[in-house]
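Read through the structure below, which is laid out as structure tokens, and then see the notes.
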Amino acid sequence: MDLSTILGILAAFGLMFAAMSSGGNIGIFIDIPSVMIVVGGTVGTVLVHFPFGDVFSSISVFKKAILHKSVDPKERVKTMVEYAGKARKEGVLSLQSVLNNISDPFLEKGLQMAVDGQEPDTLKELLDREIDYIQERHDKGADIFIAMGTYAPAMGMIGTLIGLVQMLQSLSDPSSIGPAMAVALLTTFYGAIIANVFCMPISGKLKGRSATEVLDKSLIAEGLKLILKGENPRIIEQKLHAFIAPKLRESNFNN
């Protein structure tokens, strides 16, 4: 579970709630018609923009922002070097014995292809193609949240205009102008919250998660290709270190 996402959302909403409470009755910030305009309008426009299936699948994409277990690239390099050493000593078929201990579907698939005798360049090409499709799916999920973050403030502005029109109809009663204006502004308030506290930050988090996952899978693809080519484990480590920042690189060999 990603604590930074949860703490960030709780902190943002918590501080806003505290600020609203300090001014008196928090109930003045609640208006059901305004919620209906902003939430309903945002969902409706997103459904126009994207197919229903893509919008529905964005729920599972959202989980990646909350539930995510990242892999340390140093540990991934160490694992690939161990596989390289095993394959060099006992042959590529010996990697069959480690398949049952792998929880990563992508790594498991790549190793199975290697054990089945796939050519190095062909294996790399197939895995790279799958990485491209994974990145495309991730980008689509992030784009849906960007669209929601774009449409929500617009729906808030539309709600405000609706409220202003209704307010202008009652100018003969000055006492009703203030409350009517407050209600009209609430839709803009809701739209800004949905966009800037939820949708846009989640989109940014998803893009970061996608970049990390693609890097990890690219490292796996390159490592398996080098293993199939029979490269020396030490050379494989040096080549895979290109995926890691220089200050984080660690050698698994004693100099």
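Only this structure's heavy atoms are used, side chains among them; waters, hydrogens and symmetry mates stay out. In this chain, residues are counted from 1 in sequence order.
Salt-bridge annotation for E82 and K86: absent, with no side-chain N of the basic residue lying under 4.0 Å from a carboxylate O of the acidic one. Using a 4.0 Å cut-off between charged side-chain N and carboxylate O, R76 and D104 make a salt bridge.
Under a 4.5 Å side-chain heavy-atom criterion applied to ILVMFWY residues, the cluster that includes I32 comprises M36 as well. Through direct or relayed side-chain contacts under 4.5 Å between Ile, Leu, Val, Met, Phe, Trp and Tyr, M155 connects to I37, I158, I162.
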Next item on the list: Could you give me the CA-CA distance, side-chain angles and deciding distance for Q96 and Q112, then say whether side chain to side chain contact (heavy atoms under 4.5 Å, CB included) is met?
Entry: CA-CA 7 Å; Q96 180 75 47; Q112 186 64 63; 3.9 Å; yes

Note to self: Between V39 and I194, is the side chain to side chain contact (heavy atoms under 4.5 Å, CB included) condition met? List the steps.
What the structure shows: CA-CA 9 Å; V39 175; I194 292 174; 4.1 Å; yes

Check: side chain to side chain contact (heavy atoms under 4.5 Å, CB included) between L127 and K217: does it pass, once the steps are laid out?
Finding: CA-CA 8 Å; L127 292 182; K217 286 176 168 47; over 6 Å; no

Check: Step by step, would you call R209 with E213 a salt bridge (Lys or Arg N to Asp or Glu O under 4.0 Å)?
Finding: CA-CA 6 Å; R209 291 276 185 262; E213 186 172 343; over 6 Å; no

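Annotation for T160 and A184: closest pair OG1-O, 2.8 Å, computed over non-hydrogen atoms. The heavy-atom pair separating R88 from P233 by the smallest distance is CD-CD, 3.5 Å. Among all heavy-atom pairs drawn from P201 and N196, the shortest one is CG-O, 3.4 Å. Nearest heavy-atom pair, S22 versus A19, reported as atom, atom and distance to 0.1 Å: OG-O, 2.6 Å. When all heavy atoms are compared, the tightest approach of G156 to T187 is O-OG1, 2.8 Å. Closest approach of P73 to L219, counting heavy atoms only: O-CD1, 4.3 Å.
Between M80 and L224, the closest side-chain pair of non-hydrogen atoms falls below 4.5 Å. F106 is not listed as a side-chain neighbour of D216, based on a closest heavy-atom distance of 4.5 Å or more. You'll find the side chain of S34 stays beyond 4.5 Å of the side chain of V38, heavy atoms only. With contacts defined as side-chain heavy-atom distances shorter than 4.5 Å, the pair I134/R137 qualifies. Counting only heavy atoms from C-beta outward, the side chains of T5 and I202 approach each other to under 4.5 Å. Side-chain atoms of I146 and K207, non-hydrogen and from C-beta on, do get closer than 4.5 Å to each other. Taking the side chain as every heavy atom from C-beta outward, F243 and V77 never approach each other to under 4.5 Å. When side chains are defined from C-beta on, M20 does not count as touching I28, because their heavy atoms never get closer than 4.5 Å.
Proximity of a side-chain donor or acceptor of T212 to a complementary backbone N or O of G208 within less than 3.5 Å is detected. No side-chain donor-acceptor contact under 3.5 Å links D116 to the backbone of Q118. Under the 3.5 Å distance criterion, the side-chain polar atoms of Y190 are matched with a main-chain donor or acceptor of D31. Put simply, the side chain of H241 gets close to the backbone of E250: a donor and an acceptor are under 3.5 Å apart.
By the criterion of side-chain heavy atoms lying less than 4.5 angstrom apart, applied directly or through intervening Ile, Leu, Val, Met, Phe, Trp or Tyr residues, L228 is grouped together with L99 in one hydrophobic cluster. Following chains of ILVMFWY side-chain contacts shorter than 4.5 Å, one cannot reach Y133 starting from L206, and the two form parts of different hydrophobic clusters. Using a 4.5 Å cut-off between side-chain heavy atoms of Ile, Leu, Val, Met, Phe, Trp and Tyr, with links allowed through other members, L185 and L168 fall into the same hydrophobic cluster. By the rule that hydrophobic residues join a cluster once side-chain heavy atoms approach within less than 4.5 Å of another member, V214 and L126 end up as members of one cluster. M16 and I26 end up in the same hydrophobic cluster when Ile, Leu, Val, Met, Phe, Trp and Tyr side chains are linked at under 4.5 Å.
Remark: the S4 side chain and the K205 side chain contain an N/O donor-acceptor pair separated by less than 3.5 Å. For D139 and Q135, the side-chain atoms include no donor-acceptor pair closer than 3.5 Å.
Expressed to the nearest 0.5 Å, how far OG of S58 lies from CD1 of I144 amounts to 4.5 Å. D143 contributes atom CG, which lies 7.0 Å from atom OG of S203 (distance to the nearest 0.5 angstrom). One distance of note links CD1 of I193 with CZ of F13; it measures 6.5 Å at 0.5 Å rounding. The CG atom of L226 lies 12.5 Å from the CD atom of E237; values are rounded to the nearest 0.5 Å. Rounding to the nearest 0.5 Å gives a distance of 10.5 Å between NZ of K225 and CD of E125. For the atom pair CD of E136 and OG of S210, the computed distance is 11.0 Å after rounding to the nearest 0.5 Å.
Each of I236, L107, V92 was compared with Y83 under the side-chain contact (heavy atoms from CB on, under 4.5 Å) criterion, and only L107 meets it.
Within 6.0 Å of atom CD in E90, more than 12 heavy atoms from other residues, nucleotides or ligands are found, so the atom counts as buried in its surroundings.
Partners of F198 by ring-ring contact (aromatic ring centres under 6.0 Å, His included), not counting sequence neighbours, listed by chain and number: F62.
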